[in-house]
Amino acid sequence: MTLIETESSTAALAAPVQEQAQKFVLTLSCGERAGIVQAVTTFLFERGFNIDEHQQFDDGLRETLHLRTAFSGSPAYTPDMLEEQFRPIADRFDMKFSFHDQTQQRVLVMVSKFGHCLNDLIFRWRGGSLGGDLVAVVSNHETHRAMAEAAGLPFIYIPVTPDTKADAERRLLELVEEYNVDLVVLARYMQVLSNDLCRALEGRAINIHHSFLPGFKGARPYHQAYDRGVKLVGATAHYVTADLDEGPIIEQEVIRVDHTYGPTTLSTIGQDAEALALSRAVRWHCQHRVLLDQTSTVVFR
């Protein structure tokens with residue numbers, strides 16, 4: 001057999017290999033001033049970056065600007081390099097800012113006896129639509145060990161009693177360090193975190209609450225909803241703070257109901273709302289679309 005080399009194949013072999021563009025995200029918040037966007041775009045242009053997506057929100061009431069810019073270019077840059085080079089601009093405008101690359105956020109999920117949110121997160125993670133990478137499941141019950149392990153996730157059982165609560169929280173922080181966790185998700189984890197733990201996880205822990213906050217706190221929320229004759233069932237995903245269920249809200253989901261819905265049906269519908277709100281909040285956080293603004297958030301969807 002004779003190999004005939006064509007002109008096109010020779011050209012293909014001789015063509016230089018194109019380096020694959022690296023994708024980055026810049027997020028920043030600062031007081032409103034002229035020239036901020038120009039400074040950002042000039043910084044990126046001078047380094048040969050292409051802007052893929054740009055969103056900003058000028059909050060006239062608080063006189064602040066929030067910005068998220070996704071851009072791509074040379075993989076020779078790293079987030080640390082970009083942060084160092086951008087710092088003079090940030091100092092000039094008194095910015096709070098960060099750069100991120102394509103590295104997926106590492107997510108640890110905490111769960112108790114209700115498994116619908118965990119199941120939904122696993123489904124989206126395995127389908128590639130969660131936006132983050134699940135690395136472990138922690139629970140104060142053994143109920144969902146099989147679900148986690150079937151998905152290939154380590155399941156760590158940490159029982160919690162009033163006497164062991166402090167030790168359990170220390171163990172959780174050890175796991176956050178051990179698994180290099182970026183985000184902790186309370187997927188219907190039915191334990192109140194201490195103020196110290198909330199502070200340690202500030203800005204990197206998301207909880208799902210079974211109502212529009214602050215309504216229907218405590219046990220049997222859907223029975224409370226039924227007793228009050230609600231017309232809407234909702235769920236709220238928010239950042240965890242020391243103020244119980246009062247953290248900055250990321251997402252809320254609502255489903256209309258009527259007087260024919262009993263507590264069991266309301267609970268089923270409510271679980272759908274919880275799963276939807278939580279998965280969106282996790283995805284947006286992992287994609288660096290959520291910017292904290294005092295007690296609230298700016299979400300660039």
Does the T164 side chain pair with the main chain of D167, one donor and one acceptor, at a distance under 3.5 Å? no

Would a distance-only check, ignoring hydrogens and angles, find a side-chain to backbone donor-acceptor pair under 3.5 Å from S112 to M190? yes

Go through the steps to decide whether E274 and H116 satisfy the test side-chain hydrogen bond (donor to acceptor under 3.5 Å, both in side chains), and finish with yes or no. CA-CA 9 Å; E274 292 166 18; H116 54 284; 2.6 Å; yes

The side chain to side chain donor-acceptor pair (under 3.5 Å) partners of W284 (sequence neighbours excluded) come to none

Electrostatic pair E202-R199, nearest N-O below 4.0 angstrom = no

Passes side chain to side chain contact (heavy atoms under 4.5 Å, CB included), L121 versus V185? Steps please.
CA-CA 10 Å; L121 292 171; V185 177; 4.0 Å; yes

### Message
Please check if the number of heavy atoms outside Q102 that lie under 6.0 Å from its CD is greater than 12.
### Response
yes

| field | L153 side chain reached by I122 side chain, heavy atoms, under 4.5 Å | value | yes

Does the gap between the ring centers of Y239 and H285 come in under 6.0 Å?
yes

**Report entry** Expected output: side-chain R106 to main-chain D133 donor-acceptor under 3.5 Å
**Finding:** no

Please report the C-alpha distance between I206 and L278 in whole Å, then the side-chain angles of each, then the deciding distance to 0.1 Å, and finally whether the side chain to side chain contact (heavy atoms under 4.5 Å, CB included) criterion is met. CA-CA 8 Å; I206 294 176; L278 183 59; 3.9 Å; yes

Should T265 and T268 be marked as a side-chain hydrogen bond (donor to acceptor under 3.5 Å, both in side chains) after you check the CA-CA gap, both sets of side-chain angles, and the distance that decides it? CA-CA 5 Å; T265 305; T268 300; over 6 Å; no

Sorted by chain and number, sequence neighbours left out, ring pair (Phe, Tyr, Trp, His ring centres under 6.0 Å) with F71 holds for F24, F49

Original post:
Does the side chain to side chain contact (heavy atoms under 4.5 Å, CB included) test come out yes or no for V160 and Y189, once each step is laid out?
Top reply: CA-CA 11 Å; V160 180; Y189 180 69; 3.7 Å; yes

- Verify, without hydrogens or angle tests, whether K231 (side chain) and G229 (backbone) share a donor-acceptor contact under 3.5 angstrom. yes

I want to check something: taking the side chain as every heavy atom from C-beta on, are E83 and S98 in contact at a cut-off of under 4.5 Å? yes

Check the surroundings of atom CD in E53: do more than 12 heavy atoms from other residues, nucleotides or ligands lie under 6.0 Å from it? yes

(Q) Could you walk me through whether R188 and Q271 satisfy the side-chain hydrogen bond (donor to acceptor under 3.5 Å, both in side chains) test, starting with their C-alpha distance in whole Å, then the side-chain angles of each, then the deciding distance to 0.1 Å, before giving a yes or no? (A) CA-CA 10 Å; R188 293 302 304 272; Q271 289 180 358; over 6 Å; no

May I have the step-by-step check of side-chain hydrogen bond (donor to acceptor under 3.5 Å, both in side chains) for H66 and S29, ending in yes or no? CA-CA 4 Å; H66 306 277; S29 299; 2.8 Å; yes

Looking only at heavy atoms, the pair that brings A187 and C117 closest together is CB-CB, 3.8 Å

Here the pair of heavy atoms bringing Q56 nearest to D58 is NE2-OD1, 3.1 Å

Applying the 4.5 Å side-chain criterion to the ILVMFWY set and letting contacts propagate, would L108 and L197 be lumped into a single cluster? yes

Contacts of F86 meeting ring pair (Phe, Tyr, Trp, His ring centres under 6.0 Å) (sequence neighbours excluded), chain-then-number -> F43, F97, F99

Q) Distance-only, no hydrogens or angles: does the H223 side chain make a donor-acceptor pair with backbone N or O of P263 under 3.5 Å? A) no

Quiz prompt | Side-chain touch L186/I208, heavy atoms, less than 4.5 angstrom | solution = no

- Message: Using only atom types and a distance under 3.5 Å, with no angle test, would you say the side chain of Q105 pairs donor to acceptor with the backbone of G131?
- Response: no

Separation between NE2 (H100) and CD (Q287), nearest 0.5 Å, reads 12.0 Å

To the nearest 0.5 Å, atom NE2 of H209 lies from atom OG1 of T236 at 7.5 Å

Legend entry - Side-chain heavy atoms of M110 within contact of L172, under 4.5 Å: yes

*Y157 OH: over 12 foreign heavy atoms closer than 6.0 Å*: yes

Report task. Flag the pair V109 / V107 as yes when at least one side-chain heavy-atom distance between them is below 4.5 Å, and no otherwise. Result -> yes

- Output yes when a side-chain donor or acceptor of S279 lies under 3.5 Å from a complementary backbone atom of L276, and no otherwise. yes

Task: pair C198-T241: side-chain heavy atoms closer than 4.5 Å - done: no

Exercise. Take atom CD of Q191 as the centre, draw a 6.0 Å sphere, and report whether it contains more than 12 heavy atoms from other residues, nucleotides or ligands.
Key: yes

The side chain to side chain donor-acceptor pair (under 3.5 Å) partners of Q104 (sequence neighbours excluded) come to none

(message) Whether the side chain of S139 engages the backbone of V111 through a donor-acceptor N/O pair (distance < 3.5 Å, no angle test) should be reported.
(response) yes

Worksheet item: Considering residues, nucleotides and ligands other than Q38, do more than 12 of their heavy atoms fall under 6.0 Å from its CD?
Response: no

Side chains of T161 and K165, heavy atoms from C-beta outward: is any pair under 4.5 Å?
no

L28 and L291 have their tightest heavy-atom pair at O-CD2, 3.4 Å

Sorted by chain and residue number, the side chain to side chain donor-acceptor pair (under 3.5 Å) partners of R283 (sequence neighbours excluded) come out as none

Sorted by chain and residue number, the salt bridge (charged side-chain N to carboxylate O under 4.0 Å, His left out) partners of R124 (sequence neighbours excluded) come out as D120

Answer yes or no: is there a side-chain heavy-atom contact under 4.5 Å between R301 and E251?
yes

One should read off an interatomic distance between L44 CG and L26 CG, to the nearest 0.5 angstrom, of 7.0 Å

Problem - Ionic contact status for R62 with D293, cut-off 4.0 Å - result: yes

Looking only at heavy atoms, the pair that brings A237 and A277 closest together is CB-O, 3.7 Å

Quiz item: Is there a donor-acceptor contact under 3.5 Å from the side chain of K113 to the main chain of E142?
Solution: no

